Amino acid sequence: MAQMFPACFTSKNSAAGAAGERLVYNHFKEHLPDNWVVIHDLWRFFFQMKKRYYANYETDFIILVPNKGIMVVEVKNIKTIKVENGKWTRINSEGVQADFGSYESPVHQAYLGAKKLRSCLSTRFDIENMEVRSMAILLQQKRADIPADDTWDDLLICGMEELQDGLTRRIKYLFNQKKEFTEEQIEEVRSFLVQTVQYTQDLHTYTKMMDTEAAPLTKLLSLLENSSGGIRVDGCAGSGKTVMAINEVHRLSARIKAQQEGKYVLFLCYNRHLGQCIKNHPLIRKFTKGKRLYANTFAWFCDEVLEPTGINIDWRKAEQEVAAYTPQLIEQIQQKWQYDYVFIDEAQDFHPSWWALIHATLKPGGKLYVFSDTNQSLYGHINTVPELPTRITLNHNIRNCKDIATYGHALLPEGATMYTLPVSVQEVHILPGSANVEDRARTADTLLRELLKTYDRRDIVVLSPWKKPEKSSLNRIPNVSATYLNETPEHSIQRHEYWRQGKIVLGESIRAFKGLESLVVILTDIPAPGESLAFKQNDFYVACTRARAALYIIPTLTGEPYVKEVLRRSQEKKQTES
């Protein structure tokens, strides 16, 4: 009986696919030799992001064969597969003939899986002593359906009733090299891959829960469309406020376009990079071209409003400058910048004097939607968010895994309510603190090198409270494209785009990253409370809640007791809740 991981069959595949994999799983378990190791459903989330899932590389089975090597097995339980002139096609669940998507065939899919696994293992092991091969198993085909060509070595056609008696012999036959894949090497690889299986299963469960929790939020505002006045949504970090806003803006814009209504929608936020994400979101982008929808930051909006006047606002002195030019802004807004629906995200960071401009954008009878979180207020404007007739409070964190959400909760005022998803993907890690910025940079570099063996660059961001070189370690960390003093907005936006494309690891200030998220966050240079007027507990709360699955903190020497005390409080909260 082979060693099976997981010990019981589980699958997130379709019903037909799961039935076939179950059959193969049971056969492997019962008929492969005792010292063979079988890992089922290895789901490498870090190769390519697809929607919210990192599922570009999914392998049905990996078999560790003593004295031979590693076999990647792809199982297909499809009733009709045909090969004509070398082209593989299948009949899909809708009864339509289709190809195999990005793969030429099941054999090609298994081959690419083996290639990616070999690349992954090479970052940790001496791959020269590990031959990695591949094989596809077709459960419902006959030999006559598949031409006898050079793919037959890597292809097993066995029928649904029983697998061929020669499966073990076929697997051994496919290995070529004579170098020995030892028991010690098998154990090292097994340990690494099994940890990955558990981690990715936890991450998959967590993302499924996140989507399930977020689904009702996309419909909530539409149910309140006939409410009078405006709607204010208050919520903790990761509670889905921006998700709500984007979906309602999309719904209203689509309806306006479909019914050819003469109405307009305005969607503004505070943070530059969040503004770019909103503007380029697939649900938003297709409507901004028609001028029915304007989506961007408040600063960008004001610049466009003032363009005919020749006035240029110095946004380094935003409060004074906007106040000085408010009459000109209102005059221009009243001429051509008025809307039926106005959405304001990150409202807690809008200066009190800006709200007169926001109200000026509303047409008579228009509706204002405001989204805020007082605990993410970084500029002292928490009491200036307008009260509106309808108020909604969201206190379920659906962005962060349980340990990160609980750590963030420990930073909130006593009595604050936050509910978390039940899945713990990874604990919060606190690394040794240092008074020396160079030491913190070296610690971050060592950690980053290790993480890059597992994660893609687009999955990691390094955050610091500071940009100044004497305080920030960001520009001292190799392989990090970091923010710097006097960086232009254009260059900053370009860095973020390169990060999303997986070309760089992003280094950014905490405040510039507010409103965004990353699978993994490294926080560095974290001081103790009160050390700097420019860094408050709200900044730390914002920083921690950017991480979805993994959070690493590198504090200053004086900040280390503080971040550890927060960890202690969070662990107490976690134990109390459980």
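Model, not experiment: these values are computed from the prediction.
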Between [X] and [Y], does at least one N-O distance fall below 4.0 Å, as a salt bridge requires?
X	Y	value
Glu487	Arg495	yes
Glu131	Lys68	no
Lys514	Asp539	no

[atom1]/[X] to [atom2]/[Y] distance, rounded to the nearest 0.5 angstrom?
X	Y	atom1	atom2	value
His409	Leu411	NE2	CG	10.0 Å
Met71	Leu174	CE	CG	4.5 Å
Ser509	Asp525	OG	CG	12.0 Å
Asp99	Glu104	CG	CD	10.5 Å
Glu508	Leu516	CD	CG	8.5 Å
Ile398	Arg548	CD1	CZ	10.5 Å

With a 4.5 Å heavy-atom cut-off, do [X] and [Y] have their side chains touching?
X	Y	answer
Leu506	Phe513	yes
Asn400	Tyr407	no
Arg546	Val461	no
Phe181	Val65	no
Lys468	Leu485	yes
Val521	Ile404	no
Arg251	Asn247	no
Val24	Phe61	yes

What's the verdict on side chain to side chain contact (heavy atoms under 4.5 Å, CB included) for Ser492 and Thr483, showing C-alpha distance, side-chain angles and the deciding distance? CA-CA 7 Å; Ser492 179; Thr483 184; 5.7 Å; no
Set of residues satisfying salt bridge (Lys or Arg N to Asp or Glu O under 4.0 Å) with respect to [X], sequence neighbours excluded:
X	value
Arg500	none
Asp439	Arg442
Glu560	Lys564

Is it the case that the side chain of [X] and the backbone of [Y] share a donor-acceptor pair, with hydrogens and angles ignored and the cut-off at 3.5 Å?
X	Y	answer
Arg511	Leu378	yes
Ser518	Asp459	yes
Asp60	Val75	yes

Taking all atoms of both residues into account, what is the closest heavy-atom pair of [X] and [Y], and its distance?
X	Y	result
Gly507	Leu474	C-CD1, 4.1 Å
Asn375	Asn538	O-CG, 3.2 Å
Ala444	Ile477	CB-CD1, 3.5 Å
Glu183	Pro66	OE2-CB, 4.0 Å
Pro216	Thr212	CD-O, 3.3 Å
Ser134	Ala114	CB-CB, 3.9 Å

Partners passing side-chain contact (heavy atoms from CB on, under 4.5 Å) against [X] (at least two apart in sequence or in another chain):
X	answer
His281	Ile246, Leu283, Ile284
Lys286	His250
Thr556	Arg440, Pro527, Glu531, Thr558

Just jot down the side chain to side chain donor-acceptor pair (under 3.5 Å) partners of [X], sequence neighbours excluded, or say none.
X	answer
Gln571	none
Thr524	Ser473
Tyr562	Gln537
Trp300	Glu304

Can you confirm whether more than 12 heavy atoms, excluding those of [X], are under 6.0 Å from its [atom1] atom?
X	atom1	value
Glu427	CD	no
Gln3	CD	yes
Phe287	CZ	yes

Chi angles and distances behind the side chain to side chain contact (heavy atoms under 4.5 Å, CB included) call for Phe535, Trp466: CA-CA 9 Å; Phe535 183 78; Trp466 324 115; 3.6 Å; yes
Which label fits His496 and Trp499: parallel for a plane angle under 30°, tilted from 30 to 60°, or perpendicular past 60°?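 It falls in the perpendicular class, over 60°.
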Describe, in one word, how the ring planes of Tyr484 and His491 are oriented to each other, choosing from parallel (under 30°), tilted (30 to 60°) and perpendicular (over 60°). tilted
Would you say Asp403 and Ser424 are linked by a side-chain donor-acceptor pair, where the criterion is simply a distance under 3.5 Å? yes
Distance alone, cut at 3.5 Å: any donor-acceptor contact between the side chains of Gln494 and Glu490?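 Short answer, no.
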Side chains of residues 236-243: which donor-acceptor pairs under 3.5 Å do they make with residues two or more places apart or in other chains?
| residue | atom | partner | partner atom | Å |
| --- | --- | --- | --- | --- |
| Ser239 | OG | Cys236 | O | 2.7 |
| Lys241 | NZ | Gly235 | O | 3.2 |
| Lys241 | NZ | Cys236 | O | 3.0 |
| Thr242 | OG1 | Asp345 | OD2 | 2.6 |

Step by step, work out the side chain to side chain contact (heavy atoms under 4.5 Å, CB included) result for Leu138 and Lys76. CA-CA 5 Å; Leu138 307 185; Lys76 293 299 180 189; 3.8 Å; yes
Centre of Phe100's six-membered ring, under 6.0 Å away, within 45 degrees of the axis: is that where NZ or CZ of Arg90 sits?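 That pair qualifies as a cation-pi contact.
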Could you go step by step and tell me if Glu450 and Thr446 meet the side chain to side chain contact (heavy atoms under 4.5 Å, CB included) rule? CA-CA 7 Å; Glu450 188 66 21; Thr446 301; over 6 Å; no
For Tyr552, all residues meeting ring pair (Phe, Tyr, Trp, His ring centres under 6.0 Å), sequence neighbours excluded: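 Residues passing ring pair (Phe, Tyr, Trp, His ring centres under 6.0 Å) with Tyr552: His429.
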